[in-house]
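Below is one structure, written out as structure tokens; the observations come after it.
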Amino acid sequence: MMDVYDLAETWTRDHIEQTQITRFKTTIERASTCEFYRKRLADAGVTPENFKSLDDVRRIPFTTKQDLRDTYPTGLLTVPKSEIVRMHCSSGTTGTPVAICHTANDINWWSDLMARCMYMIGVRKEDVFQNMSGYGLFTGGLGIHYGAERLGCLTIPAGAGNTKRQIKLALDFHTTVAHILPSYALIVGEKLREMGKDPKDFPLRIALVGAEPYTEEFRKRLESLFAMKVYNSYGLSEMNGPGVGFECLEQNGLHIWEDAYYPEIVDPKTGEPVPDGTIGELVMTTLCRQGMPILRYRTRDLTRFLPGDCPCGRKHRRMDRILGRADDMMIVKGVNIYPMQIEQVIMTFEEVGKNYLIVLENDGYGDVLRVKVEIRDEFFIEDVRILRKLQQKIAHALKDEILVTPQVELVESNSIPLAEGKAVRVQDLRKKK
Ligand code: AMP
Ligand code: ZN
């Protein structure tokens, strides 16, 4: 059966760009019906009529997270509240939340985009899909759930945690596809081992892994642990949630569904576009959302457009995996370091277990970078000399990558507390002083 989910995937560049122009006009018109954008767009002199080519995008002012906070809860609605059927929040932990509201049609679009992602990597209605991520306000729950149902999969809304039950459900229903956060995936693997089972015998053949940054080294580890394929899934609540960018079978960059979102990559300092291949901040516009359109949203996520065509044939542009958030950069002894540089190094050591934590302190003389690393039980032996050697090896490898010598601390499994929801990788104790 020809499926509807790959229709927009076969569009040519020209068709994608023509559609973007048309949808930009509609979005500008729609956005202008709320006070906030009416003023913003009027000040910038942007109207649907004078938006003629994609070069005009740059005339539209950026929208920031602060703007979304200032207009909380319903200041950006462009339909009567009675037309809204669902709201979600982004996972920020402090301050006024950011809430995004959807009409029934918005939910429909979102479900289709998510189904398109899953279809692209070979998920079919015969699959059993288990959503191992939190539900509630987090978009990785219902967002992916609706996509899986749209495809016709038997969908198990397992939620996050309760790993034993998670494993039982997967074994009883023969789960073939799962959505799982990187920080939780290794925990499931470890639990299986504890139960005397080889994760390779687990029925999973595909995992959608996203919502937080992870490295290629992490992906490799996960794929070999479970003998499955791992595909990167990117999204953010402000752009609905998952279903914005997704890897194809090539596993080389994430296709952005440009018929629904307009992506740009800009220099985070100047806001000017950077050339393809150069890292910058991702900026996104919703092109199809009715209830609450958002124009040129500064995501703070750092990535780059991958130059060239994807061998899969899709013409939708690809972005690199998220390399970090502009806010994540740590300055340690004057050197800029991203947490993912540290993960990239430590995940190459087979002794390293499922969790790690970066702690920044000031010892009165200067910055101290501590990296706490959980070691798998079978390697956590009593011979201190062997552990010390491993500690030095990890410290050297890290120094080569980040140019700062860290204090590496090897700790037992389960000694680093797990975050609820998205992982907390950095604790900056310097700020509290
Ligand atoms: P939220 O809206 O709370 O779900 O958070 C969205 C944020 O999660 C994004 O802006 C990214 O910083 C992060 N995120 C989502 N998916 C990924 C991914 N595949 N890789 C890295 N970071 C991601
Ligand atoms: Zn591709």
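This is a predicted model, so every value here is computed, not measured. Ligands are counted one by one from 1 in listed order, and the atoms in each one are counted from 1 as well.
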Pair Lys220, Glu223 - check salt bridge (charged side-chain N to carboxylate O under 4.0 Å, His left out), show working. CA-CA 5 Å; Lys220 289 199 181 100; Glu223 288 195 326; over 6 Å; no
Glu238 and Lys65: salt bridge (charged side-chain N to carboxylate O under 4.0 Å, His left out), yes or no, with the steps? CA-CA 9 Å; Glu238 293 84 346; Lys65 195 155 211 134; 3.2 Å; yes
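Inclusion of Asn232 in the set of residues having an N or O under 3.5 Å from an N or O of ligand 1 is warranted.
Listed for the Tyr214 side chain is a donor-acceptor partner under 3.5 Å among the backbone atoms of Val209.
Between His255 and Trp257, the ring planes lie parallel to each other; the angle is under 30°, not in the 30° to 60° tilted range.
When only non-hydrogen protein atoms are considered, atom 4 (O) of ligand 1 lies nearest to Lys422 NZ, 3.2 Å. Here the protein heavy atom with the shortest distance to atom 16 (N) of ligand 1 is Ala211 N, 3.1 Å. Remark: minimum distance from atom 9 (C) of ligand 1 to any protein heavy atom is reached at Asp301 OD2, 3.2 Å.
Side-chain contact check for Glu83 versus Thr78: every heavy-atom pair is 4.5 Å or farther apart.
Here the protein contributes Cys248 SG, His255 NE2, Cys310 SG, Cys312 SG as N, O or S atoms under 2.8 Å from the Zn ion (ligand 2).
Here side-chain hydrogen bond (donor to acceptor under 3.5 Å, both in side chains) pairs that include residues 265-274, with residues two or more places apart or in two chains, are Arg58-Glu272.
For the ligand labelled ligand 1, residue Tyr214 lies outside the 4.0 Å heavy-atom shell.
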